[in-house]
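The sequence lines fix the lettering, A, B, ..., with proteins before strands; numbering per chain opens at 1. Because the structure is a prediction, the values reported are computed rather than measured. What's counted below: heavy atoms across the whole structure, side chains too, no hydrogens, waters or symmetry copies.
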Number of protein chains: 2
Amino acid sequence: MTSQDNELDKIRKLCDQAGMKLTPQRLEIFKELLSHEDHPSAELIFTKLRERLPTISLDTVYRTLASFDELGIIKKLNISNARTLFDTNIEQHHHFICTKCKRVEDIHWPDFDKANLPESVSALGSIQTRHLELHGICNQCLNKKNKG
Amino acid sequence: MTSQDNELDKIRKLCDQAGMKLTPQRLEIFKELLSHEDHPSAELIFTKLRERLPTISLDTVYRTLASFDELGIIKKLNISNARTLFDTNIEQHHHFICTKCKRVEDIHWPDFDKANLPESVSALGSIQTRHLELHGICNQCLNKKNKG
DNA sequence: TTCCTGATTAGGAATTATTCTTAATTAGGA
DNA sequence: TCCTAATTAAGAATAATTCCTAATCAGGAA
């Protein structure tokens with residue numbers, strides 16, 4: 001059994017549990033997501049998908065990504081006020097965002113994930129997720145600058 | 001000299017340094033911002049302002065808020081993919097976002113601000129700001145739930 | 001298997017936030 | 001006071017996303 005078969009099993013189960021029909025569109029969107037390690041937009045998924053599924057509509061992509069977000073299969077990212085990005089990696093992690101080129105890179109910092117929040121913070125309510133955004137200039141942009 | 005006079009001096013200087021004319025519109029937008037402790041949207045500032053400056057345009061509000069963001073007087077927040085919010089508090093801090101009522105509350109966590117980032121993270125580039133988003137359910141919403 | 005029904009889809013229209021365009025006005029220096 | 005580049009108001013334009021509707025379809029029941 002390949003890793004993809006494994007993933008396809010997962011989506012079947014998740015849809016079933018949620019009372020959602022596993023339509024060919026949903027399956028293809030899911031497969032497309034599997035092939036993205038990064039943070040694609042709905043538009044990008046739509047464009048890629050249209051090559052092999054010419055009749056798919058952008059609306060379906062948006063709807064499906066929203067459903068997948070609710071199921072916890074992917075995660076919506078509101079990083080800039082341009083298009084929404086979708087994180088295909090749902091393991092706990094954070095992001096570095098280059099203010100020049102807008103590149104978004106994953107960050108892992110398990111020690112921070114484990115750290116207790118201050119009393120004053122946990123007193124605000126029940127905290128479910130923590131997401132750190134680091135903003136700065138990536139090495140690629142720094143190098144360009146030095147050369148130019 | 002009142003605290004507001006002090007602030008007005010600040011905006012005068014900042015505009016001057018940036019070669020920006022201090023127009024009445026900019027001054028009024030700045031004053032309006034001073035009266036918001038929270039995270040107003042451009043639309044809200046516009047609506048409030050229109051009561052005493054009936055001819056101001058939404059475009060001017062957007063342009064001015066963008067300029068103020070560039071000058072570091074306020075900070076754009078991309079928290080949801082609905083409207084952009086503006087943070088009138090530019091001291092280093094973080095946010096708690098209630099997933100139910102969308103309330104945004106400031107968080108202060110100086111120990112975290114001082115903490116060193118892992119080697120693997122600082123190696124990505126030059127990191128300028130860190131912003132933590134905690135998502136969860138605020139006490140108000142938790143109480144409603146328990147009562148309902 | 002075939003039929004049925006509610007869920008889902010495609011496609012385009014609508015909506016919403018934000019930015020752009022343009023002609024008119026104005027702040028602030030000469 | 002005059003001049004000029006910067007700024008503004010107003011509405012048009014843009015862009016991302018969502019809504020609407022009729023048609024299609026997945027999967028359960030017979």
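- Between A/Leu27 atom CG and C/dT8 atom P the separation is 15 Å, expressed in whole Å.
- Residue A/Val121 belongs to a hydrophobic cluster whose other members are A/Phe96, A/Ile107, A/Trp109, A/Phe112, A/Leu117, A/Leu124, A/Ile127, A/Leu132, A/Leu134, B/Phe96, B/Ile107, B/Trp109, B/Phe112, B/Leu117, B/Val121, B/Leu124, B/Ile127, B/Leu132, B/Leu134, with links defined by side-chain heavy atoms closer than 4.5 Å.
- The partner of C/dT26 is D/dA5, judged by Watson-Crick or G-U wobble contacts that both fall below 3.5 Å.
- Distance B/Leu53 CG to D/dA9 P: 8 Å, rounded to the nearest Å.
- Using a distance-only test at 3.5 Å, with no hydrogens or angles considered, a donor-acceptor pair links the side chain of B/Thr99 to the main chain of B/Gly136.
- Contact between B/Lys48 and B/Glu32 at its shortest, heavy atoms only, is CB-OE2, 3.4 Å.
- Here the P atom of nucleotide C/dT9 and the CD atom of A/Glu28 are 13 Å apart, to the nearest Å.
- Less than 4.0 Å separates DNA chain D from at least one heavy atom of each of the following residues of residues 54-87 of chain A: A/Leu58, A/Asp59, A/Tyr62, A/Arg83, A/Thr84.
- Of the two residues contacting DNA chain C, namely A/Gly19 and B/Glu43, the nearest-nucleotide position lying further toward the 5' end is that of A/Gly19.
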What string of B, S and - do you get for nucleotides 22-30 of chain C, 5' to 3', if B is base contact, S is sugar-phosphate-only contact and - is no contact with any protein heavy atom under 4.0 Å?
-----BS--

Take B/Ile56 and B/Glu28 through the test side-chain contact (heavy atoms from CB on, under 4.5 Å) and record every step on the way to the result.
CA-CA 10 Å; B/Ile56 194 147; B/Glu28 288 304 318; 5.8 Å; no

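- Taking atom CZ of residue B/Arg50 and atom C1' of nucleotide D/dA10, one finds them 11 Å apart after rounding to whole Å.
- By the 4.0 Å N-to-carboxylate-O rule, A/Lys13 lies too far from A/Asp16 to be salt-bridged with it.
- Between A/Arg63 and A/Asp59 there is a salt bridge, since at least one side-chain N of the basic residue sits less than 4.0 Å from a carboxylate O of the acidic one.
- Between the CZ atom of B/Phe46 and the P atom of C/dA17 there is a distance of 13 Å, given to the nearest Å.
- Using a 30° and 60° split on the angle between ring planes, A/Phe68 and A/Phe30 fall in the perpendicular class, above 60°.
- Taking the six-membered ring for Trp and the full ring otherwise, B/His39 and B/His95 have centroids separated by under 6.0 Å.
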